[in-house]
Amino acid sequence: MPITRKRVSYLIICLAVVVVAIALAPKLIGLIVQGRTQPQGETNLRFTEVETDFSHRFDADEALPFMALAALDVDGDGIDEVFVGGGFGQPDALLRYANGEFVTTSEAGSFYKASGEVSYGAGSLDLDGDGDVDLIVARDTGLYLFENRDGSFAGSIIDFPLDPQSMPLSVSFGDINKDGFADLFVSNYIRPEFVEGETIFNQEYGGISNLLLNNGDNTFADITRSSGLYVQHNTFTAAFVDLDNDGWSDLIVAHDTGMPRVYRNNGDLTFTDVELPVTFSYPMGIAVSDYNNDGLMDIYFSNVGKTLPDFLLRGDLRKDQTLNKDYILLQNNGDFRFTDAAADLNADNYGFGWGLVSFDFNNDTLADYLITQNYIRFPKVELLELYPGNLLQQYPEGGFKPVEKVAGIENKLFGVTTIVSDFNEDGWPDAVIGNLNGDLRAFLNDGGDNNWLKVRLPDAPSSIGARVRLTTSDGATYFNQFYTSEGLGSDQTSDLFFGLGSSESLAELEVAYQNGDTLRIPNPAINSLIHAR
């Protein structure tokens, strides 16, 4: 067939269409699979990214898609270091912020790790009472205690009856009997070699988590069955928080392929499962804060969101069982009564979420949420326009809007967990984001005009469950609480942050400890760090 001018024009048009389609493929695939993103809200928040020298290595054939991340003050200088769990065949790392970047320290060699181990979760606390913060790391081979000895760490495995088909993903600290020693909830997942599926709701299937009571010497007795917490169900993470202000640490649990759970501490080493306004879902990360400033801690769970269609997620659910893909924000109404306020506050319909945290990033007195996102099991996932993660800013008129792009903290990598601390000591929360098979990314908060207060309690079992109330000179009150293990496989700074907005003077800071003691500090100075001991 002769090549005519008309045919040449047709071929050129076809070639142009192919080129455009290839160029737009990531965005088109992302739009079809992941859904539309919301427009950005207005914000004065700005972050500056700084260098880190750690890049995570992930092997999907050998490991589950999790990584440990913890903020802890190793040397007692008031600035947190960053512990990062290495992937399969990769050592763990300890990074220090200095001279505008995060660099690996020599102490990282203290975290002995066998070549085939994967570090999935971490938590820090002064467990032995010597004034130095220790570290517990959850690995696929067990739970490891690393005691801090003047900046270097001595490791040992914690002896407890781990179910043969289960492996630890994360660890949470609580003092459930108020004896001054840290007890542990170990969130366990099924080992990869025993996996039968990812959408099993109605069968007894998955890992069996453990509640470990401290014997007073950092050895532990397993009381999972007698406490009422024995469940065979894959679990991502948990947090001990006093939800009814009675001085006892209650337990929040994120069960994969199940439901969020809240267990009331009965004060006698037993827990009661609380009825919640939830249904079947995929809760993964846990963030806790008093988002509406009413003195009660509220709970936010990430979920699969808009990423996948129902038919891929319902698994063995019956027709009469409801699947909820949206994020869940349990507003605490007191006496263990909760309302899911996510939809009303525009906090529900976001991408596949992993770890999330709640801090007042712009210090305007309203808690915000920072979420890591992305779904790793699509074939050729590198072709997708990946989620940027979400920084949800809360607004005085009510509700949340995403501002990560405007604020300069979007993260189009496989984000899985986040830690927050004030690394440059300016009173504004900074963030470090852990990415699977990618660089650790650190973002410093550029700050603004709002005022703030930072409260430092000892990073020790005696501080667990401490309830902190701040009263301004004009009578406004704000609340926070000392707890650990927020996020997913992560542990945040032990400092408590209060955004003050335009308030220029404070009347009183009150700290109510679980043991009944109360500390009152009159007229704390704004824009300062208060040591509450």
Inter-residue atom distance [X].[atom1] - [Y].[atom2], 0.5 Å rounding:
| X | Y | atom1 | atom2 | value |
| --- | --- | --- | --- | --- |
| L329 | Y291 | CG | OH | 5.5 Å |
| I464 | D242 | CD1 | CG | 12.5 Å |
| T417 | N435 | OG1 | CG | 10.5 Å |
| K412 | Q373 | NZ | CD | 12.0 Å |
| L488 | M67 | CG | CE | 11.0 Å |
| N202 | Q321 | CG | CD | 4.0 Å |

Closest heavy-atom contact between [X] and [Y]?
| X | Y | result |
| --- | --- | --- |
| N332 | D294 | O-OD2, 3.6 Å |
| A442 | T52 | CB-CG2, 3.8 Å |
| L392 | I371 | CD1-CD1, 3.8 Å |
| A238 | S170 | N-OG, 4.5 Å |
| L45 | L391 | CD1-CD2, 3.9 Å |
| Y513 | A466 | CD2-CB, 3.9 Å |

* In a check of side-chain contact (heavy atoms from CB on, under 4.5 Å) between L243 and each of I299, D298, L296, L251, which one passes? ->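 Result: among I299, D298, L296, L251, I299 is the only option passing the side-chain contact (heavy atoms from CB on, under 4.5 Å) with L243.
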
Scan the side chains in residues 273-282 for donor-acceptor partners under 3.5 Å anywhere in the protein, sequence neighbours excluded, and list what turns up.
residue : atom : partner : partner atom : Å
T279    : OG1  : T322    : O            : 2.8
S281    : OG   : T279    : O            : 3.4
Y282    : OH   : L313    : O            : 2.6

* **Between F83 and F111, ring centroids under 6.0 Å** =>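 Yes, the ring centres sit under 6.0 Å apart.
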
* Determine, using ring centers only, whether F352 and Y375 are less than 6.0 Å apart. =>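 Yes, close enough.
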
Quick one: does [X]'s side chain have a donor or acceptor within less than 3.5 Å of a partner on [Y]'s backbone?
| X | Y | result |
| --- | --- | --- |
| S494 | D459 | no |
| S421 | D80 | no |
| H255 | T235 | no |
| D316 | F201 | yes |
| D244 | D335 | no |
| N265 | S249 | yes |

* Asked: Looking at residues at least two apart in the chain, or sitting in another chain, which of them share a ring pair (Phe, Tyr, Trp, His ring centres under 6.0 Å) with Y369?
  ->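 Here the qualifying residues are Y300, F400.
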
* By ring pair (Phe, Tyr, Trp, His ring centres under 6.0 Å) - contacts of Y120 (at least two apart) ->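 In terms of ring pair (Phe, Tyr, Trp, His ring centres under 6.0 Å), with neighbours along the sequence ignored, Y120 is linked to no residue.
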
Suppose we screen for side-chain contact (heavy atoms from CB on, under 4.5 Å). Which residues come up paired with [X], at least two apart in sequence or across chains?
| X | result |
| --- | --- |
| D439 | S55 |
| N480 | M297, L496, F498 |
| A138 | L143, P168 |
| R225 | Y230 |

Indicate the ring-plane relationship of [X] and [Y], choosing parallel, tilted or perpendicular according to the 30° and 60° boundaries.
| X | Y | answer |
| --- | --- | --- |
| F240 | F185 | perpendicular |
| W354 | F236 | perpendicular |
| F146 | Y144 | parallel |

* Asked: For D134 and D126, what are the C-alpha separation, side-chain angles and deciding distance, and is it a side-chain contact (heavy atoms from CB on, under 4.5 Å)?
  -> CA-CA 5 Å; D134 309 301; D126 180 9; 3.6 Å; yes

* Asked: Do T272 and F336 have side-chain heavy atoms sitting under 4.5 Å apart?
  ->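 Side-chain contact under 4.5 Å: no.
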
Taking only residues two or more places apart in sequence or in another chain, which ones pass salt bridge (Lys or Arg N to Asp or Glu O under 4.0 Å) with [X]?
| X | value |
| --- | --- |
| D268 | none |
| D61 | none |
| D256 | none |
| R57 | none |

* Pairs satisfying side chain to side chain donor-acceptor pair (under 3.5 Å), at least one member in residues 392-401, at least two apart ->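 Applying side chain to side chain donor-acceptor pair (under 3.5 Å) to every pair that reaches into residues 392-401, excluding sequence neighbours, yields T43-Q393.
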
* Determine, step by step, whether L413 and N374 satisfy the side-chain contact (heavy atoms from CB on, under 4.5 Å) criterion, reporting the C-alpha distance in whole Å, the side-chain angles of both residues, the deciding distance to 0.1 Å, and the verdict. => CA-CA 8 Å; L413 298 176; N374 281 308; 5.9 Å; no

* **Whether over 12 other heavy atoms sit under 6.0 Å from D159 CG** =>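 No, because the 6.0 Å sphere around CG of D159 holds 12 heavy atoms or fewer from other groups.
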
* To do: Test side-chain contact (heavy atoms from CB on, under 4.5 Å) on D360 and F497 and set out the steps.
  => CA-CA 7 Å; D360 184 0; F497 291 78; over 6 Å; no

